[in-house]
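A note on names: the letters A, B, ... follow the listed sequences, proteins ahead of strands, and every chain is numbered from 1. Values below: every heavy atom of this structure, side chains too, minus hydrogens, waters and symmetry copies.
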There are 2 protein chains.
Amino acid sequence: MQQPYNVYEDRCPTRQVLDRLADKWALLILDRLQGAPVRFNQLRRDIQGISQKVLSQTLKKLERDGLLSRSVFATVPVTVEYALTDLGQSLIQTVSTFAHWAEQHMDAVLLAQVKYDEGAASTSGA
Amino acid sequence: MQQPYNVYEDRCPTRQVLDRLADKWALLILDRLQGAPVRFNQLRRDIQGISQKVLSQTLKKLERDGLLSRSVFATVPVTVEYALTDLGQSLIQTVSTFAHWAEQHMDAVLLAQVKYDEGAASTSGA
DNA sequence: CTTTTGTGGTTACTAAAAGAAACTAGGTGG
DNA sequence: CCACCTAGTTTCTTTTAGTAACCACAAAAG
């Protein structure tokens, strides 16, 4: 008995899910929510470079897919908290490893880039 | 002694790496290369919906970052094989888990979407 | 001996999305 | 009254992603 879903297939609904999750901002948001709920503007401050629009959009998509929950508290000013759901928890270890992989392997990547660019230079050069 | 790299920082080079890896096509390519080298057109056939342009571009970026290697064989017609490097191998388990997560949790995602859309309907409706 | 098929790409065009910045709305404090 | 906090939305511009066509080579088909 094999699975009904195959992400390699064009029209499989998993492909859309992958497309939404395989996003720089989505990964950073999920990673940031690891451990405890975080508020909108806190996410905005912590994830440097993200705009309100993209943060808002990405949060909506992740909420719709059931990976995180949105809670509004009637404080003054209003508090909106985002937190991982159980579904989000099922992915967070993988997301975290993926998002931080570059931090561990950055030197190797930079070295590879230098080598690649040298090769490209010699092709067009001598 | 803490790490010099932090993916949450806007100008950290890891951010660019994350941006390139956090891509639907990059993930599917890396996942497909797991186990054995694969040729260009084989990748194109297996990863349904990818275009030559995007496949070519993505392979170049992944090669530049040192995650995969490109080997040309002077056969007729020419054979070009792509394979994971050691650096690529260091990420493949995470990539594979991530890429196939949706296949395991698709039902939960679909359920969440229905619930979310119902809520949105009731907001604008009654 | 011309057409089709296969290889592995590149190039131009177009549609969609991402990003920057301003604006909204409700309430507090100066 | 104006500025500032919250959490967003809207508008506009720029960038990216995707579609489709084209290229060069060689072999096989007709």
Side-chain angles (χ1 to χ4, degrees), chain A residues 8-11 15-29 32-33 37-64 68-83 116 119-120 123-124, chain B residues 8-11 15-29 32-33 37-64 68-83 116 119-120 123-124:
Chain A
Y8 280 95
E9 284 176 18
D10 204 2
R11 296 182 186 180
R15 182 64 74 82
Q16 273 101 61
V17 174
L18 179 63
D19 198 25
R20 279 193 292 273
L21 294 179
D23 171 72
K24 183 178 48 177
W25 302 123
L27 292 174
L28 289 172
I29 289 170
R32 184 61 191 80
L33 293 183
V38 183
R39 298 174 62 178
F40 185 88
N41 277 330
Q42 189 62 48
L43 285 170
R44 190 156 88 88
R45 280 188 292 267
D46 291 349
I47 302 170
Q48 293 181 22
I50 197 169
S51 67
Q52 286 113 319
K53 177 192 153 191
V54 169
L55 178 56
S56 175
Q57 280 179 350
T58 308
L59 286 169
K60 270 187 194 167
K61 289 174 188 172
L62 292 175
E63 190 195 354
R64 181 167 185 268
L68 54 83
S69 62
R70 179 178 182 273
S71 304
V72 181
F73 300 96
T75 54
V76 167
V78 66
T79 297
V80 180
E81 256 184 20
Y82 292 91
Y116 182 92
T123 301
S124 59
Chain B
Y8 280 95
E9 285 175 17
D10 204 3
R11 297 182 187 180
R15 182 64 75 80
Q16 272 101 59
V17 173
L18 179 63
D19 198 25
R20 279 193 292 274
L21 293 179
D23 171 72
K24 184 177 50 178
W25 302 124
L27 291 174
L28 289 172
I29 289 170
R32 183 62 191 79
L33 293 182
V38 183
R39 297 175 63 179
F40 185 88
N41 278 327
Q42 189 62 46
L43 285 169
R44 190 155 88 88
R45 279 188 291 269
D46 291 349
I47 302 169
Q48 292 180 23
I50 198 169
S51 68
Q52 286 110 322
K53 177 192 150 189
V54 169
L55 178 56
S56 175
Q57 280 179 349
T58 308
L59 286 168
K60 270 186 195 168
K61 289 174 187 171
L62 293 175
E63 189 196 354
R64 180 166 185 271
L68 54 81
S69 63
R70 179 178 182 272
S71 305
V72 182
F73 300 96
T75 54
V76 169
V78 65
T79 298
V80 180
E81 256 185 20
Y82 293 90
Y116 182 93
T123 301
S124 60

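The shortest heavy-atom contact between Glu9(A) and Gln48(B) is CA-OE1, 3.6 Å. Of all the heavy atoms in Arg32(B) and Asp46(B), the pair that sits closest is NE-OD2, 2.6 Å. Taking every heavy atom of both residues into account, Pro37(B) and Glu81(B) meet most closely at CB-OE1, 3.5 Å. What you find for Phe40(B) and Leu59(B) is that their closest heavy atoms are CD1-CD1, 3.8 Å.
Nearest-nucleotide positions on DNA chain C place Arg45(B) closer to the 5' end than the other of Asp23(A) and Arg45(B).
Residue Trp25(B) places none of its side-chain N or O atoms closer than 4.0 Å to OP1 or OP2 of dA17(D). Dashed line: the shortest gap from a side-chain N or O of Lys61(A) to OP1 or OP2 of dA17(C) is not under 4.0 Å. OP1 and OP2 of dA7(D) both lie 4.0 Å or more from every side-chain N or O belonging to Lys60(A). Between dA7(D) and Arg39(A), a contact under 4.0 Å exists linking OP1 or OP2 to a side-chain N or O. Within the structure, every side-chain polar atom (N or O) of Thr75(A) is placed at least 4.0 Å from both OP1 and OP2 of dT6(D). For Arg70(B), a side-chain nitrogen or oxygen approaches OP1 or OP2 of dG9(C) to under 4.0 Å. Residue Ser51(B) places none of its side-chain N or O atoms closer than 4.0 Å to OP1 or OP2 of dA17(D). Phosphate proximity of dC13(C) to Lys53(B): absent, as no side-chain N or O sits under 4.0 Å from OP1 or OP2.
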Is there any protein nitrogen or oxygen under 3.5 Å from a nitrogen or oxygen in nucleotides 23-30 of chain D, and what are the pairs?
none

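For the pair Leu28(B) and Leu43(B), the minimum side-chain heavy-atom distance is 4.5 Å or more. Residues Thr79(B) and Val72(B) fail the side-chain proximity criterion, which asks for heavy atoms closer than 4.5 Å. Counting heavy atoms from C-beta outward, Arg44(B) and Gln52(B) have side chains that approach closer than 4.5 Å.
Atom-to-atom, CD of Gln57(A) to C1' of dT10(D) comes out at 11 Å; the value is rounded to the nearest Å. In this structure, Glu81(A) atom CD and dA7(D) atom C1' are separated by 14 Å, rounded to whole Å. Distance, Phe40(B) CZ to dT10(C) C1': 10 Å, rounded to whole Å. Atom CD1 in Ile47(A) sits about 13 Å away from atom P in dG19(C), given to the nearest Å. If you take CG of Leu59(A) and C1' of dA7(D), they are 11 Å apart, rounded to a whole angstrom.
As judged by a 4.0 angstrom heavy-atom cut-off over every strand, Tyr82(B) is placed among residues touching the sugar-phosphate backbone only. Looking at heavy-atom distances under 4.0 Å, Arg20(A) makes no contact with the nucleic acid at all. If you check every strand for non-hydrogen atoms under 4.0 Å, Arg44(A) touches nothing.
Closest to the side chain of Asn41(B), out of dT10(C), dG18(D), dG8(C), is dG8(C).
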